[in-house]
Amino acid sequence: MNALVPAVLVASLLGSTHCAGMCGAFLAFAVADGPKHARPLLLHAAYHAGRLVTYSVLGAVCGTVGRAVDLSGAQVGIGRGAAALAGALMMIVGAIAVLRALGVRLPRAPVPPVLVRAVQHGHRAADRFSPLGRALAVGLLTTLLPCGWLYAFAVTAAGTGSTLLGAATMAVFWAGTLPVLAGLGAGITALSGPLR
């Protein structure tokens, strides 16, 4: 875990501009009413707290699955099966990304319709909440987005083979995305009054 924490933190910091592009509209939906209805800082805190909760839960689930893989592997003499499987999966995903960058057309996995419906329903419901409740709900829903960047860290969490370390991995990922998203949120809040 000693080497994992700085690696996850640096990777999530460097890739957090992707998070700004992917989640920027949701962040705007969550915090845009700040100056009018609530203290903007509370809206930002609620949104990011929601993200932290669901990212950590996702990490815990992935770490638990990794632990099950490790236990199963141990039965047939394979040690650290979750880490090996996570590494292999990362190499496959990397190879696919390189091939796509080179112009090779590869099929994309469809987003499960049940996931699409859940996110749509959640955002519609959040629109009826108070500004603070909406910010928290949108933050909680962020983990359900079909985001390869997020899932790469979820695979890393599974590779830990530990519920606790999986949750910690995703919490560190969250911390790495926080500076860019907090800056974007501050900009949205500043512009939302004049441009309302």
Side-chain angles (χ1 to χ4, degrees), residues 1-23 26 47-116 118-119 139-182:
M1 183 67 176
N2 291 345
L4 184 61
V5 169
V8 168
L9 184 61
V10 168
S12 62
L13 279 167
L14 293 175
S16 61
T17 54
H18 167 84
C19 300
M22 185 82 173
C23 296
F26 299 106
Y47 172 75
H48 292 297
R51 290 176 56 240
L52 175 60
V53 167
T54 54
Y55 286 1
S56 297
V57 168
L58 174 64
V61 169
C62 290
T64 301
V65 169
R67 179 74 178 141
V69 169
D70 280 349
L71 291 173
S72 298
Q75 298 299 315
V76 293
I78 299 172
R80 299 286 300 143
L85 187 59
L89 186 57
M90 293 263 203
M91 289 191 312
I92 291 168
V93 169
I96 290 170
V98 168
L99 289 171
R100 285 192 175 135
L102 294 173
V104 176
R105 299 184 119 212
L106 298 171
R108 294 187 183 272
V111 178
V114 68
L115 184 63
V116 172
V119 171
L140 290 168
L141 289 167
T142 301
T143 306
L144 298 177
L145 294 173
C147 174
W149 185 243
L150 168 65
Y151 297 151
F153 289 93
V155 168
T156 303
T160 67
S162 163
T163 302
L164 186 57
L165 293 180
T169 298
M170 292 305 292
V172 171
F173 166 73
W174 168 86
T177 66
L178 199 53
V180 164
L181 287 175

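Computed from a predicted structure; not experimentally measured. Each residue takes its place number in the sequence, starting with 1.
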What residues, two or more places apart in sequence or in another chain, satisfy side chain to side chain contact (heavy atoms under 4.5 Å, CB included) together with V111?
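For V111, the residues satisfying side chain to side chain contact (heavy atoms under 4.5 Å, CB included) (neighbours in sequence not counted) are L115, V116, P146.
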Once you round to the nearest 0.5 Å, how far does [atom1] of [X] lie from [atom2] of [Y]?
{"X": "L165", "Y": "T156", "atom1": "CG", "atom2": "OG1", "answer": "12.5 Å"}
{"X": "F173", "Y": "L13", "atom1": "CZ", "atom2": "CG", "answer": "10.5 Å"}
{"X": "L178", "Y": "R51", "atom1": "CG", "atom2": "CZ", "answer": "6.5 Å"}

Can you tell me which residue pairs pass the salt bridge (Lys or Arg N to Asp or Glu O under 4.0 Å) test with a partner in [range], sequence neighbours excluded?
{"range": "residues 58-77", "value": "D70-R80"}
{"range": "residues 3-13", "value": "none"}
{"range": "residues 146-156", "value": "none"}

Closest approach of [X] and [Y], non-hydrogen atoms and distance?
{"X": "S12", "Y": "F153", "answer": "N-CZ, 3.9 Å"}
{"X": "C19", "Y": "T177", "answer": "SG-CG2, 3.5 Å"}
{"X": "Y55", "Y": "M170", "answer": "O-CB, 3.0 Å"}
{"X": "L145", "Y": "L150", "answer": "O-CD2, 4.5 Å"}
{"X": "L58", "Y": "T143", "answer": "CD2-CG2, 3.6 Å"}
{"X": "S16", "Y": "G176", "answer": "CB-O, 3.9 Å"}

Any side-chain heavy atom of Y151 sitting closer than 4.5 Å to one from V93?
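Heavy-atom side-chain distance check fails, nothing below 4.5 Å.
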Would you say that T169 contacts L4 through its side chain, given a criterion of any heavy-atom pair below 4.5 Å between the two side chains?
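Of all side-chain heavy-atom pairs linking L4 with T169, at least one is under 4.5 Å.
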List the atom pairs, with distances to 0.1 Å, where a side-chain N or O of residues 98-109 and a protein N or O form a donor-acceptor pair under 3.5 Å, not counting sequence neighbours.
| from | atom 1 | to | atom 2 | distance (Å) |
| --- | --- | --- | --- | --- |
| R100 | NH2 | P107 | O | 2.9 |

Taking ring-ring contact (aromatic ring centres under 6.0 Å, His included) as the test, write out the residues that go with Y47, two or more places apart.
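Not a single residue meets the ring-ring contact (aromatic ring centres under 6.0 Å, His included) criterion with Y47.
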